Amino acid sequence: MNPKATSSGSFFRSFYWLATLLLALFLTACGGSGGNSSSTDNAPPSVYYTVTNLNDNGEGSFRQAIINANAAPTGQYSGISFSVAGTITLASNLPAITSRVLIDGTTAPGFSAATGPTVQLDFGRLYNGIIFNSGSSRSGLSGLAIIRSSSNGITLNAGEIALMLNQIGVNLNGLAAGNNGAAIYIASTSNNNRIGSNPNSASDYFSNLLSGNEGPGIEIHGSSGNIIQANLIGTNRAGTTFIRNDSNGILITAAASNNTIGGTAYYDSTTQQTNNPTGNKGTVPIVYIRPPQGNLISGNVLNGVKIAQASENNVLSGNFIGTNFNGTSAIGNLQDGVVIEGANNNSLIGCSVVDQPFIYYNVLSGNRDNGLRITDSNNITVQANFFGAAASNAGVVPNGQAGIRGHGIFVTGSSTAVQVGGVIPLGNVSAGNGLDGINVEGTVSGFTTFNTFGGLLAFKGAAPNGRNGITISATGGNNLIRTNVFSGNVANGIELSGDAVDVTVDPNIVGLDTEGTNWLANSPTGNNYGNGGSGILVTDNASFNYIGGYNQSVIPQNTFSGNARYGIEIVGSAHHNYIFNSGIGVSSDKLNVFGNGLGGVFLGGNSRNTYAGIFTPPNSTTTGKASTISGNVGYGVTVANTTSYNTVINNCIGCDLFNVERPAFANTLGRVLNTSSGTGNNIQP
């Protein structure tokens with residue numbers, strides 16, 4: 001629990017309010033579904049069995065209360081309340097629950113939502129945890145600590161179960177006392193459950209604490225329609241340090257579908273604050289709250305969330321994965337924040353198209369490896385999330401270790417049609433990560449990044465990734481880098497390497513600020529230069545890539561300016577790459593110059609068949625345009641020794657917006673330096 005919760009006054013300390021609210025919540029969550037609901041579904045339990053002692057069995061025991069509830073007449077909705085607090089040590093397996101029952105540990109003396117349960121079930125690592133079997137649909141369990149079972153803490157084999165305010169895997173003293181399996185296991189026979197909730201939409205409130213277990217915090221195994229909200233998974237109750245689950249925080253597997261992790265609330269009803277971490281694109285002061293329906297999923301031994309084995313149509317919204325409770329420091333999962341592996345049609349959704357930027361979002365930061373890894377998965381949507389940035393948009397919480405490990409987003413294998421971002425405000429921030437903001441490899445095809453801040457905070461200054469803003473080495477083709485800002489990185493803004501083929505880069509700002517009209521603030525080079533390397537580096541065997549295009553955008557055209565090396569650098573054995581309709585060394589509006597530190601365009605190594613000039617790409621009917629190459633420190637274009645069959649013609653070198661050569665727009669050493677001894681070059685002087 002957020003320590004601030006203890007100062008929330010009557011919100012947490014009013015037991016009557018809490019009990020009433022929980023009862024209403026259980027009745028709503030467990031009260032039937034759709035047209036099958038009856039007028040009695042929302043009624044409270046008709047009979048209560050009270051636990052009056054801490055014995056393993058006998059009259060007044062918890063075991064006897066379950067036996068009584070199971071033996072109740074057909075159709076009876078039973079309740080189990082507690083008049084005692086302490087530890088119930090089990091001496092054998094409890095009966096599975098086979099009738100509808102509300103087990104309400106919040107009635108025990110001393111219970112509060114701030115400090116947690118006061119009744120503990122200790123299974124001694126010898127006996128199964130609590131099992132909801134056939135006949136128990138629409139049951140609920142709240143306010144218990146469940147520790148040291150020989151299997152899962154809670155197993156759901158029946159549906160429409162509500163689990164609230166429990167502590168599973170952590171004892172009453174706040175220490176790890178894990179169950180041998182998952183904290184909560186949801187079987188394929190169990191659907192439409194609710195695990196945690198935040199009924200008052202308070203940003204400093206959490207429901208279940210699911211930590212310290214040998215299995216996942218939650219395993220959703222072939223189940224659908226579950227809602228997982230406002231839980232602490234892998235941390236202590238304060239959300240300030242880890243109590244690791246020895247597996248994933250949440251595992252969604254075996255074709256589990258249509259599950260919701262988190263939620264879209266962005267308003268805190270207790271403080272009247274609305275989440276707005278970018279300050280309306282930097283025009284008003286920032287206000288940020290933890291999205292109140294989101295989960296804190298941090299500190300787990302494997303991944304924060306793993307979606308695998310053909311699980312589809314699952315959605316994550318508003319979760320903090322790898323950070324502390326307020327998203328400003330790391331409690332990293334020891335692998336990836338989220339991994340989607342062999343699972344199509346899943347989404348990380350941070351807000352909707354009508355919202356201010358990032359008013360609710362997932363924050364995947366502070367993890368040991370990548371923020372998000374997508375492997376062999378198709379049609380994945382990633383919109384309006386932070387990767388490596390703090391939730392406050394005022395600092396970084398890196399994924400990985402600088403220069404050694406960890407991308408913000410890593411897309412690999414045979415994945416197709418991965419959509420990262422979209423129209424404003426659906427872009428993402430991927431900044432401060434150990435390696436690249438985004439890395440795309442393997443045979444990935446149909447990948448798009450749209451409106452990514454790569455290497456800088458949203459509408460703010462540099463927050464360097466340890467290598468490039470984005471690297472693409474994928475060979476699948478039809479990959480698109482569109483309407484992004486890749487500035488502030490230690491190395492290059494964009495790198496096309498390996499055997500990268502058929503990548504379109506259009507239009508982007510690479511090296512300058514968000515608007516492309518000024519130097520980037522807090523540059524990692526310390527001398528204004530936005531990226532420590534080149535704006536775009538094309539190397540190795542990268543071929544048939546298009547640096548330019550005619551996509552409609554708020555950015556007029558590619559702008560490769562203000563980088564420490566070159567605006568565009570093509571080296572290695574790269575071949576058949578095309579440069580057109582780009583501004584190199586100028587502002588995005590071409591009204592001012594922000595020169596690259598070594599020159600505009602550099603063709604070197606054994607590169608060949610580069611074309612820079614007027615060009616219309618395949619399947620386009622737009623009249624081709626050449627590039628403006630002006631204001632660079634060095635030559636506008638340098639063609640180095642051993643390159644061959646390059647064409648550089650019809651570009652406006654040293655020109656302004658109106659294609660007029662002006663002294664203020666001149667490249668400092670001249671228009672073109674051609675030292676190539678290779679054959680077939682056609683270089684405009």
Side-chain angles (χ1 to χ4, degrees), residues 26 29-34 36 41 45 62-63 65-72 74-80 90 92-105 121 123 126-142 144 146-164 166 168-169 179-196 208 210 213-228 231 245 247-248 250-261 308-309 311 314:
F26 272 119
C30 306
S33 61
N36 294 324
D41 281 334
F62 180 58
R63 183 185 301 274
I66 293 176
I67 293 171
N68 293 343
N70 284 342
T74 301
Q76 176 176 303
Y77 178 24
S78 303
I80 296 177
L90 281 306
S92 62
N93 287 326
L94 287 171
I97 297 167
T98 56
S99 64
R100 187 183 179 201
V101 62
L102 171 60
I103 302 172
D104 191 359
L121 305 179
F123 294 86
L126 299 172
Y127 311 111
N128 296 327
I130 293 178
I131 300 174
F132 288 86
N133 271 351
S134 178
S136 65
S137 293
R138 298 178 290 132
S139 291
L141 186 151
S142 70
L144 295 182
I146 299 172
I147 64 170
R148 304 203 308 153
S149 86
S150 63
S151 57
N152 306 305
I154 298 175
T155 298
L156 303 184
N157 294 321
E160 299 180 78
I161 308 294
L163 304 176
M164 311 288 172
N166 300 292
I168 306 177
N179 300 286
N180 286 358
I184 299 170
Y185 179 88
I186 306 175
S188 59
T189 55
S190 175
N191 300 300
N192 303 315
N193 304 288
R194 179 178 284 274
I195 312 301
N208 298 293
L210 311 173
N213 301 283
E214 293 190 14
I218 301 172
E219 180 171 344
I220 304 175
H221 192 95
S223 174
S224 65
N226 301 289
I227 299 174
I228 314 297
N231 301 288
N245 293 297
S247 181
N248 301 287
I250 298 177
L251 174 61
I252 303 174
T253 188
S257 64
N258 296 292
N259 298 290
T260 299
I261 311 301
Q309 294 186 340
S311 297
N314 301 288

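The chain is numbered in sequence order, starting from 1. The model shown is predicted, which means the values in this text are computed figures rather than measured ones.
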Subject >> Listed partners of F123 passing ring-ring contact (aromatic ring centres under 6.0 Å, His included), at least two apart >> reply: none
Original post:
To the nearest 0.5 Å, how far apart are CG in N193 and CD1 in I218?
Top reply: 10.5 Å
Subject >> Student check: side-chain heavy atoms of F132 and I154 closer than 4.5 Å >> reply: yes
**OP:** Check whether any side-chain heavy atom of N314 lies under 4.5 Å from a side-chain heavy atom of I261, and answer yes or no.
**Re:** no
Original post:
CD1/I195 to CE/M164 distance, rounded to the nearest 0.5 angstrom?
Top reply: 7.5 Å
Original post:
What heavy-atom pair brings A308 and S311 nearest, and what distance separates the two atoms?
Top reply: O-OG, 2.8 Å
**OP:** Could you tell me whether the side chain of N248 and the main chain of P216 form a donor-acceptor pair under 3.5 Å?
**Re:** no
Original post:
NE2 of H221 to OG1 of T189: how many Å apart, nearest 0.5 Å?
Top reply: 10.5 Å
**OP:** Indicate the atoms forming the closest heavy-atom contact of S247 with G215, along with that distance.
**Re:** CB-C, 3.5 Å
Original post:
Of the non-hydrogen atoms in S149 and N179, which two are nearest, and what is the gap between them?
Top reply: N-OD1, 2.8 Å
Subject >> Between CG on residue L163 and CG on residue L141, distance to nearest 0.5 Å >> reply: 6.0 Å
**OP:** Specify the closest pair of heavy atoms between I67 and P95, including all atoms of both residues, with the distance to one decimal.
**Re:** CG1-CG, 3.9 Å
Original post:
With side chains defined as the heavy atoms from C-beta onward, is the minimum distance between S150 and N128 less than 4.5 Å?
Top reply: yes
Subject >> Nearest heavy-atom neighbours spanning S99 and A69 >> reply: OG-O, 2.7 Å
Original post:
Does the side chain of I168 come within less than 4.5 Å of N208's, by heavy atoms?
Top reply: no
Original post:
Considering only heavy atoms from C-beta outward, does the side chain of I103 approach that of I97 to under 4.5 Å?
Top reply: yes
Original post:
Is there side-chain contact between F62 and L90, with heavy atoms separated by less than 4.5 Å?
Top reply: no
**OP:** Please answer whether the main-chain N or O of G140 pairs with a side-chain N or O of R100 as donor and acceptor at a distance below 3.5 Å.
**Re:** no
Subject >> Rounded distance [0.5 Å steps], OG1 in T155 versus CG in N133 >> reply: 8.5 Å
**OP:** Report the residues that fulfil side-chain hydrogen bond (donor to acceptor under 3.5 Å, both in side chains) with T260, sequence neighbours left out, ordered by chain and then residue number.
**Re:** none
**OP:** Nearest 0.5 Å please: distance from the CG atom of L144 over to the CD1 atom of I130.
**Re:** 6.0 Å
Original post:
In terms of side-chain heavy atoms, does N258 have a donor or acceptor partner in S224 at a distance below 3.5 Å?
Top reply: no
**OP:** Using distance alone, with no hydrogens and no angle criterion, decide if N157 and S190 have a side-chain donor and acceptor under 3.5 Å apart.
**Re:** no
**OP:** Would you indicate whether the side-chain heavy atoms of N259 and I228 approach each other to under 4.5 Å?
**Re:** no
Original post:
Hey, does the side chain of N93 reach the backbone of Y127 with a donor-acceptor pair shorter than 3.5 angstrom?
Top reply: no
Original post:
What pair of heavy atoms forms the shortest contact from I220 to A256, and how long is it?
Top reply: O-CB, 3.7 Å
**OP:** Please identify each residue that fulfils side-chain hydrogen bond (donor to acceptor under 3.5 Å, both in side chains) with Q309, with sequence neighbours left out.
**Re:** T253
